[in-house]
Structure formats: C-alpha cells, structure tokens
Amino acid sequence: MLAELERYYADYCRSIREEADALRDEKMPSITEKLFAIYENTGNRLAYEGVYFLRRKYLAVFGLKGILDGGERDLRKLEEVILDICDEECWALPAHVNRKTDKDWRICIDLFASETAQTLAEITGLLRERLSAGVLETVRREVMRRVLIPFAASRAPYGHWEYGESNWCAVCGESIGSAALYLMGADPGAAYLKKGAEAPDLKGKELEAKHPMPETQEALRRILDRVCYSLEHYYLNSFAEDGTCLEGLGYFTYGMTYFAGFAQQLYEYTAGRHDLFRNEKLAEIAAFQAKCYFPSGKTVSFADGFTDDTFRPGLTCFLAQKYPGAGIPPMERAAGLNDDNCYRWMGLYRNLVWTKDYMDLLRRGGYSGKAAAGSTAASQIILPDAQWSICRSRNGAGMAAKGGHNGEPHNHNDAGSFFYINGKDFLLADLGCGEYNRDYFSEKRYDYLCCRSLGHNVPLIDGREQLAGGDYGCDSFQADGLGRTVISFAGAYGNPELGSLIRTLDWNREDGALRVEDCFQITGRLQSVKENLVTRWKPEIRGSVIRIQGEESGCLITVEGTEVMISCIRQGFSDHSGIRRDVWLLQWEIPLEGTDRQVRSCFQVESC
C-alpha cells in the first residue's frame, strides 16, 4: 500500500505542475450574461457550469502550485485568478437562483458560493505572507459580504440545506465554518501548514482585519454553533444507521470531504475541545466507501451514483487513520487532479496533506495499510438499514440488490432492483446519474429513464411502473450473508390487484451465477406481468436465452420454464455529462392463469 500511495502522490504533484505549466500563459475564460441566461431560457446547466468550473480549476491549480513550490510567477498568476473570481457577479450557479423573483439574487449561499468562499479563505490563509495585502483584503471583503455576513445575519435555517439531511448540509455549512475560522479566528491555518506537501514554512502573523464584523469573536462562535448543530443533527442523520449514504457513493465523497475537512480544522483550532468525530455513527460511515467497490474497481451506482466512481485518497487516508474499519479501495480508482470536474479545493488540497500524513504513518509502522475486512474481498456485504446487498464471486463477477423506498434522497424508483457485473462490464445495468438540468430536479424527474423504474431491473405490472414517494417501497428485506437476498416490494407499485411480489436472488460466490425468482400473488383483475431487464450492450436473443457481450466479458440469461417471447426495445438517455447513450430493455410476458393465483418467474444469469 505504501508504494502505491507514493506513486500516486508523486503523480499527483507532477500533474499539478504540468497543469500549471499548461495554464500559466492562458487567459482564464470569462463568465458572461449570455452564458448565465442559458439555464433560464433552456434549462441546460452544462454550458455555464463548464466555464464556471474551468475557472475554479485555475484557482485550484495555482493555489496548489503556490503551496508546492511557492514560485513568484505562479503566485502572481494566483493573485490574478483570485481577483478575477472575486469580481464575479454571483458565486452561485444559475440553477440555484431566481433573478425574476429575487432582487438580491447575487448574494445566494448555495453549494458553490460556499465552496468558493472556503477555497479563497483557505488559500489566502495558507499563503498569506506570500500574497499582496490588496488580494488578502479583497478576499476578506468578498467572502464576508457574499457569505459570512449574510449567513450570520440570517435566522436559522438560512435555506433548505441548513436543516437538510443531504450533502448540501455538509458542503455549505462546513465551507462557511472553515471560511469563518480563517477570516475571523486567530491563525487557524498554522497547523495545516506544518503538514503541507513540500510547503514552505509560512506560519506567521495573523491577517489584519480592516473590516471586522461587530463583536467578531462572538459572531464566530454563533456561526460555529449553527454549523455544528446542523452537522450533528441533520447531516449525520442523512446516513442510514449502517453508514450508507443513500444519495450515492459520489455524494458520500462530496459531503464527507467537507465534513472531515472542517471537523479537523475545528478540532485543531479548539485544541481538541470540540470534536465532531466523537459521534459513534462515523465509524460505520467511514467504512461505507470501500464496501461499494468491486475488485475490478467498478462501483455500486444506486441513486445518482456512477459505475466507475473514484475515491479521494486524502479523505480515504484520513478516515483510515481514524477508523480501523475504513478500507482503502483499489488504488487504480484513486482520483487525480482532473477527476473532479468541479475542482473542489477542499478535497484537492487534502489529497496532498492527508495522503502525505498517512504515508508518514505507514513509514513509521503505525498502521498496516491493508483494506479493512468486509470491503472488496467479502463475498456478500449486507447494509440492513439501507437494504443493500452487495455480492462478489471468486471469478470476478458481482451483483448488488436494493430494497428501500421511492422517496430516498436523489431518489430513483428502484425498490427491489439489482444489477449484474462481470469484471469491468456492467451487463445488467443500474444507469445511475443522468444529466442534471432544470427538469431533472422537478416534477418531471421520473420522465427520465435513469430515474423511472423502467430504467431498472424490476417488473412491469399491468404495463405500469413503480410510483414515486416514500409510501412506495419494500415491505421487507432479508439477506443471509451466504448469498441469498429476499425482497418483498409489491408496495412499490401501489396496485391493489398485486397482493405480493417477492424477489429471491441466490448468488453463487464461486462462479458468479445468479438465480432470480419472482413470486407474484395476484388478488384481483391484474392482466399483465412483465419482466424488465436493462443492458447497455445490444443483446443476442435465441429462444429463451439471452447473450450479452460486454467489452471484455459477458453473461448468459436463461429464462426457466415455458418458452417465452423476449422483446428487445432500444431506448436512449443522457448521462451526467450530457452524452446520449443507448440501452436495451429486455422484456417478456409471464403467463397468468386462473383468478386467485400465484405466479412464478425464474431466470438464471451466468458469467461467460
């Protein structure tokens, strides 16, 4: 593990220097009114956000380069970038403001306004003796004006996020808390500089405040009290008791990076008197990440997740030091500088300092560095509160199934669904996250294939899909730890004619064979029950046998019993990057006989 981390660290530092060389003589792109209005006129987020986040890349790259090497050319470029970002009309995204109804729309604390505040405050805090007084004062003025003063002057909750059980609570709150410590506290950055990656010794005088808030220390205390309250009572409550982040693996990384960054900063600032890590639930939360990785490096994509997510080595190393159960995923999936297209400073900077801390610990023999038990090596992992079952086989195949309900955060209508993977190929898919636009987060969300149940491996009942909302979901979920998972989910359909629907998934840990049995109890005039499977690869169908061939591996699906007519329906959807993708829906009718009847459907999935 140490050798892998050393290679990663060296590559990460090299990529920072290479990106700085590539961007140093380039002019940072400008944000324009035309770009801002695209979302308002069309609902498209990607055009504006592409430029916005490229600007944050300049900020992150030259902030990191300044800490790594401290060269004058890079520090002057950093100052230029900082002043340009401080001159932006609005730090929030167009998707999060309403210019028609809010005259104060320019001052809006959303995810990205708060992130920008934290980034500017931390970079200038760490490099304060190398940056000009004018830059330091501009950052202080703008962060106070746009974020800290509006938050301090507001009544709690400031917005939906302050008392919200989601990543917003962590990212906004902790960015505010971190920025407040840097700009309103006494030298809170010194402890970080001692751990800096090849950082010059910049510890020194406190930045003089020319525009302090009234009763600054009391205002700081009130801000920190509010932030800590929302984190402890709302953000940590967003996780299931078993540590699962229901929003998806990527949102675990997002929120937990900010939680850990601020919590450690607060711990050091208060000399250990305020310890957000004391919450016992955090040990389970820290162990969640590694459970979502298959040995091939592919990831569980439930909710708005991804099949090929990456992990942040800095966060992962930090958690591994604090919690013995926090395993380290396959290092091939470690996120580099450009793997976060939002270029979030909190994680990028800690990829340096926390990875270096962990390597130093390993060199001293303080920790084995081995992945925790129950991560990528276990044959069946059960998350009982979230109702997830994740299975792996000796030959590299994998399966995950979920229960839950259809009112979860970043919800998809997917109660009772599963996916099947062989090596690096997702052969029966969970499509994960679609393109974020205006309609995706509106009442039209379930018009999108990746969110509606048609885009998941669950049946159709009388041609109808599952319903959205917390009232629709699983009745029960059981897993035995030996490969069997049983899910009862008739309640997801809201159809009184369907008495019960029990799905039994039997997994063979040796060869990756999966047998799925669906048992339908029909109590009324139900006319049609169809199986529905989703694949990204165009299948071959011969009678009751389906062959799906991925890029490197494949599977055979055999429908048991009476020969059925399997239809193959081509569908399209836009992925998170806005790229149009094709998928194929495999459907077959299950014969219904009699009136009060029980019907079974069985099919076998085998790797090939």
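The existence of a salt bridge linking E517 and R600 is confirmed by a sub-4.0 Å separation between a basic side-chain nitrogen and an acidic carboxylate oxygen. Of the charged side-chain nitrogens involved, at least one lies within less than 4.0 Å of a carboxylate oxygen, so that E560 and R515 count as a salt-bridged pair. E510 has a carboxylate O that lies under 4.0 Å from a charged side-chain N of R394, or vice versa, which qualifies the two as a salt bridge.
In this structure, F239 and Y235 have perpendicular ring planes: the angle between them is above 60°, well past the 30° mark. Classification of the Y52-F112 ring pair by plane angle, with boundaries at 30° and 60°, yields perpendicular.
Between M331 and I328 there is a side-chain heavy-atom pair separated by less than 4.5 Å. Side chains of Q289 and F311 form a contact here, defined as non-hydrogen atoms less than 4.5 Å apart. Side-chain contact check for L526 versus L498: some heavy-atom pair is nearer than 4.5 Å.
Cation-pi check for R344 over Y254 is met; the charged atom lies under 6.0 angstrom from the ring centroid and within 45 degrees of its normal. A cation-pi contact links R438 to Y39, judged by a cut-off of 6.0 Å to the six-membered ring centre and 45° from its axis. Under a cutoff of 6.0 Å and an axis angle of 45°, K322 and F277 form a cation-pi pair.
Crowding of E551 atom CD: a count of heavy atoms from other residues, nucleotides or ligands under 6.0 Å not exceeding 12. At most 12 heavy atoms of other shown residues, nucleotides or ligands fall within 6.0 angstrom of atom CZ in R570. The number of heavy-atom neighbours closer than 6.0 Å to CZ of R464, taken from other residues, nucleotides and ligands shown, is 12 or below.
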Before giving the answer on salt bridge (charged side-chain N to carboxylate O under 4.0 Å, His left out), spell out for K424 and E552 the whole-Å C-alpha distance, their side-chain angles and the decisive distance to 0.1 Å. CA-CA 7 Å; K424 294 187 176 183; E552 298 178 359; 5.5 Å; no

Derivation of the side chain to side chain contact (heavy atoms under 4.5 Å, CB included) call for D430 and S301: CA-CA 6 Å; D430 181 290; S301 55; 3.3 Å; yes

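N532 and Q587 are linked by a side-chain donor-acceptor pair at a separation below 3.5 angstrom, with hydrogens and angles left out of the test.
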Only pairs under 3.5 Å count here: list side-chain donor-acceptor contacts from residues 601-608, not counting sequence neighbours, and write none if there are none.
from : atom 1 : to   : atom 2 : distance (Å)
S601 : OG     : E531 : OE2    : 2.9
S607 : OG     : N395 : ND2    : 3.2
S607 : OG     : D511 : O      : 3.4

Show me the side-chain donor-acceptor pairs of residues 444-451 shorter than 3.5 Å, one per line, residues at least two apart or across chains.
from : atom 1 : to   : atom 2 : distance (Å)
R445 : NE     : N411 : O      : 3.0
R445 : NH1    : Y440 : O      : 3.1
R445 : NH2    : D304 : OD2    : 3.2
R445 : NH2    : N411 : O      : 3.1
Y446 : OH     : N411 : ND2    : 2.8
Y448 : OH     : N437 : OD1    : 3.1
Y448 : OH     : N437 : ND2    : 3.2

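Tested against C108 for a side chain to side chain contact (heavy atoms under 4.5 Å, CB included), the candidates L93, V97, D102, N98 yield a single pass: V97. For the side-chain hydrogen bond (donor to acceptor under 3.5 Å, both in side chains) with S389, the lone residue among K402, Q380, R484 that qualifies is Q380.
At least one donor-acceptor pair closer than 3.5 Å links the side chain of R333 to the backbone N or O of D308. For T299 (side chain) and D309 (main-chain N/O), a donor-acceptor pair under 3.5 Å exists by modelled atom type. H233 places a side-chain N or O within donor-acceptor distance of the main-chain N or O of Y229, the cut-off being under 3.5 Å.
The CD atom of E232 sits 5.0 Å away from the CG atom of L276 when rounded to the nearest 0.5 Å.
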